[in-house]
S.K.: 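Sharing a structure with you now.
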Amino acid sequence: SFEAAYGDERVTALLFLPRNVPPPWQAVVVFPGADVCLSPSSENLASEYLFDFIPRSGRILVYPIYQGMYERFALEKLTPNKLRDLMVMWSKDLGRTIDYLEEREDIDHTKLAYYGFSLGSVNGPVFTAIDQRFEAAIYLAGGQNAGAPPELDVVNFAPRSVVPTLMINGRDDFIMPLETSQKPFLELLGAPAKDKRLAVLDGGHLPPDRQAIIRETLDWLDRYLGPVAPSAAAGASD
C-alpha cells in the first residue's frame with residue numbers, strides 16, 4: 001500500500017507475480033468493471049478469469065483498489081459533480097500506482113500496459129491520455145458512451161490517447177453496439193491506424209470465448225512490450 005494523492009488515505013495494490021520468469025518484469029495494471037462496487041472486499045476479486053492469465057504469461061499483474069471500489073466503496077448517490085471528483089481520484093490512484101512501480105527494481109519501467117474492462121475500458125482513454133507512461137493499452141468490452149459531461153466525455157480525451165490500443169468486443173453487445181459505439185470509439189483514439197485494432201468476437205458485452213481473449217491480449221502485449229521468457233507459459237501466479 002502507499003499514500004493516495006488526496007486526503008489522508010492509502011491505496012492498496014494487489015500484485016500477482018510470475019513464478020518462472022526472473023525480474024525485471026513487464027507490468028500490466030488493471031482497471032476493473034463496475035461490478036467491483038458490489039463486492040465488499042478485495043479478498044474475492046470479481047471476474048478473475050479475465051486477468052488470471054497475465055501472470056501465467058510471465059508478467060506481473062497489478063490490481064489497485066481504486067476509490068469507490070471493494071472496501072473503499074461508500075454508498076452514495078453519484079451526482080455529476082461527485083462522478084467528476086471520483087474520476088479525478090481514479091486517475092490519481094492509477095498515477096500513484098505507476099509511481100510505486102517505478103520505485104521497484106524488479107519492474108521494467110519501460111514496459112507498462114493498461115488493461116481495462118467494461119468501466120475500465122470506457123474510461124481508458126481518459127487515463128491513458130492523462131498519464132502517458134503506458135506502452136500499450138487493452139480495452140475489453142468498451143465503447144463510446146453518450147451523455148457524459150464535457151469534463152468526463154471520452155470524445156475530449158481519446159484523440160490525445162496515442163498509446164497503441166487493442167479493443168476486444170462482442171459482436172452482439174447491446175450496451176456498446178458495434179456500429180454506433182465500438183467503431184466510433186476506435187476511430188476517436190489518437191494512435192496511428194497501424195497501432196490500434198478492434199477484435200470483434202462472437203457474443204455480447206463480455207465475449208464468452210476466453211481463449212480468444214487470452215490470445216488477442218497476449219499477442220498485443222508481445223507486440224508492444226516484447227515477448228517474455230518461453231518458460232513463462234508453464235508458470236502460475238502467486
Side-chain angles (χ1 to χ4, degrees), residues 1-16 27-52 54 60-101 112-134 137-158 160-161 163 173 175-176 181 185 205-206:
S1 68
F2 40 85
E3 291 183 0
Y6 51 86
D8 186 22
E9 297 191 42
R10 294 187 68 81
V11 180
T12 299
L14 307 177
L15 307 180
F16 296 81
V28 179
V29 184
V30 165
F31 196 109
D35 55 338
V36 302
C37 298
L38 303 176
S39 301
S41 171
S42 56
E43 288 290 326
N44 297 299
L45 294 176
S47 305
E48 190 172 349
Y49 74 99
L50 295 177
F51 58 84
D52 60 0
I54 298 291
I60 183 171
L61 181 106
V62 185
Y63 196 124
I65 307 303
Y66 299 89
Q67 182 66 256
M69 300 180 184
Y70 293 114
E71 50 267 27
R72 301 185 73 195
F73 177 72
L75 184 61
E76 59 179 270
K77 183 178 180 180
L78 275 182
T79 65
N81 285 344
K82 287 183 179 179
L83 179 57
R84 175 202 61 206
D85 294 345
L86 185 59
M87 284 281 290
V88 171
M89 288 187 280
W90 286 345
S91 179
K92 289 181 176 180
D93 288 346
L94 181 61
R96 287 291 290 117
T97 299
I98 301 175
D99 293 343
Y100 164 74
L101 295 177
L112 302 178
Y114 175 94
Y115 178 32
F117 31 95
S118 195
L119 179 67
S121 292
V122 171
N123 295 310
V126 177
F127 305 135
T128 55
I130 291 172
D131 197 320
Q132 300 185 1
R133 287 178 285 181
F134 293 108
I138 299 159
Y139 303 152
L140 173 62
Q144 184 177 347
N145 241 347
E151 63 269 27
L152 304 179
D153 197 333
V154 70
V155 170
N156 296 320
F157 291 88
R160 296 175 172 83
S161 178
V163 62
D173 188 345
I175 301 174
M176 303 291 176
S181 179
F185 190 88
H205 187 56
L206 284 174

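Bear in mind the structure is a predicted one, so any value in this text is a computation, not a measurement.
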S.K.: Give me the atom names and distance for the closest heavy-atom approach of A158 to P125.
M.R.: CA-CB, 3.8 Å
S.K.: Does the D131 side chain pair with the main chain of G95, one donor and one acceptor, at a distance under 3.5 Å?
M.R.: no
S.K.: I'd like to check L94 versus F134 (side-chain heavy atoms, cut-off strictly below 4.5 Å). Are they in contact?
M.R.: yes
S.K.: Does F16 form a ring pair (Phe, Tyr, Trp, His ring centres under 6.0 Å) with Y63? I'd like the steps, not just the answer.
M.R.: CA-CA 8 Å; F16 296 81; Y63 196 124; 7.2 Å; no
S.K.: Quick check: F51 with Y115 (ring centres under 6.0 Å apart)?
M.R.: no
S.K.: Evaluate the criterion side-chain contact (heavy atoms from CB on, under 4.5 Å) for residue pair V29 and L101; output intermediate values, then yes/no.
M.R.: CA-CA 10 Å; V29 184; L101 295 177; 4.0 Å; yes
S.K.: Take L15 and Y100 through the test side-chain contact (heavy atoms from CB on, under 4.5 Å) and record every step on the way to the result.
M.R.: CA-CA 12 Å; L15 307 180; Y100 164 74; 3.9 Å; yes
S.K.: Does any part of the side chain of I130, heavy atoms only, come nearer than 4.5 Å to the side chain of F157, both counted from C-beta?
M.R.: yes
S.K.: Find out whether Y70 and P40 are in side-chain contact, i.e. whether some heavy atom of one side chain is under 4.5 Å from a heavy atom of the other.
M.R.: no
S.K.: Is a side-chain N or O of D93 found less than 3.5 angstrom from the main chain of Q67, in a donor-acceptor match?
M.R.: yes
S.K.: Do other residues, nucleotides or ligands put more than 12 heavy atoms under 6.0 Å from the CZ atom of R10?
M.R.: yes
S.K.: With no hydrogens and no angle check, is any side-chain donor or acceptor of S181 less than 3.5 Å from a backbone partner on Q144?
M.R.: yes
S.K.: Taking R96 for its side chain and F2 for its backbone only, find out whether a donor-acceptor pair lies under 3.5 Å.
M.R.: no
S.K.: Are D99 and K92 ion-paired here, with the side-chain N under 4.0 Å from a carboxylate O?
M.R.: no
S.K.: Answer yes or no: are there more than 12 heavy-atom neighbours, outside E3 itself, under 6.0 Å from its atom CD?
M.R.: no
S.K.: Could you tell me whether the side chain of L86 reaches within less than 4.5 Å of the side chain of Y66, counting heavy atoms only?
M.R.: no
S.K.: Could you pull out the closest heavy-atom pair between V126 and L152, with the gap in Å?
M.R.: CG2-O, 4.3 Å
S.K.: Would you say S39 and N44 make side-chain contact, with heavy atoms under 4.5 Å?
M.R.: no
S.K.: For a 4.5 angstrom cut-off between non-hydrogen side-chain atoms, does S42 reach T12?
M.R.: no
S.K.: Using a 4.5 Å cut-off on heavy atoms from C-beta on, say whether the side chain of F73 contacts that of V36.
M.R.: no
S.K.: Which pair of heavy atoms, one from L206 and one from A141, lies closest together, and at what distance?
M.R.: CD2-CB, 3.7 Å
S.K.: Between R84 and P149, is there a side-chain heavy-atom distance shorter than 4.5 Å?
M.R.: no
S.K.: Please say which of L61, V62, I138, L14 ends up in a side-chain contact (heavy atoms from CB on, under 4.5 Å) with V30.
M.R.: L61
S.K.: Compare every heavy atom of M69 with every heavy atom of I65, then report the nearest pair and how far apart it is.
M.R.: CG2-O, 3.6 Å
S.K.: Of all heavy-atom pairs between F185 and V122, which one has the smallest distance, and what is that distance?
M.R.: CE1-O, 3.9 Å
S.K.: If every non-hydrogen atom of L119 is compared with every non-hydrogen atom of A34, which pair is closest and at what distance?
M.R.: CB-N, 3.7 Å
S.K.: Quick one: does any side-chain atom of S121 pair with a main-chain N or O of L140 as donor and acceptor, under 3.5 Å?
M.R.: yes
S.K.: Mind running side-chain hydrogen bond (donor to acceptor under 3.5 Å, both in side chains) on Y114 and S161 for me, showing each step along the way?
M.R.: CA-CA 12 Å; Y114 175 94; S161 178; over 6 Å; no
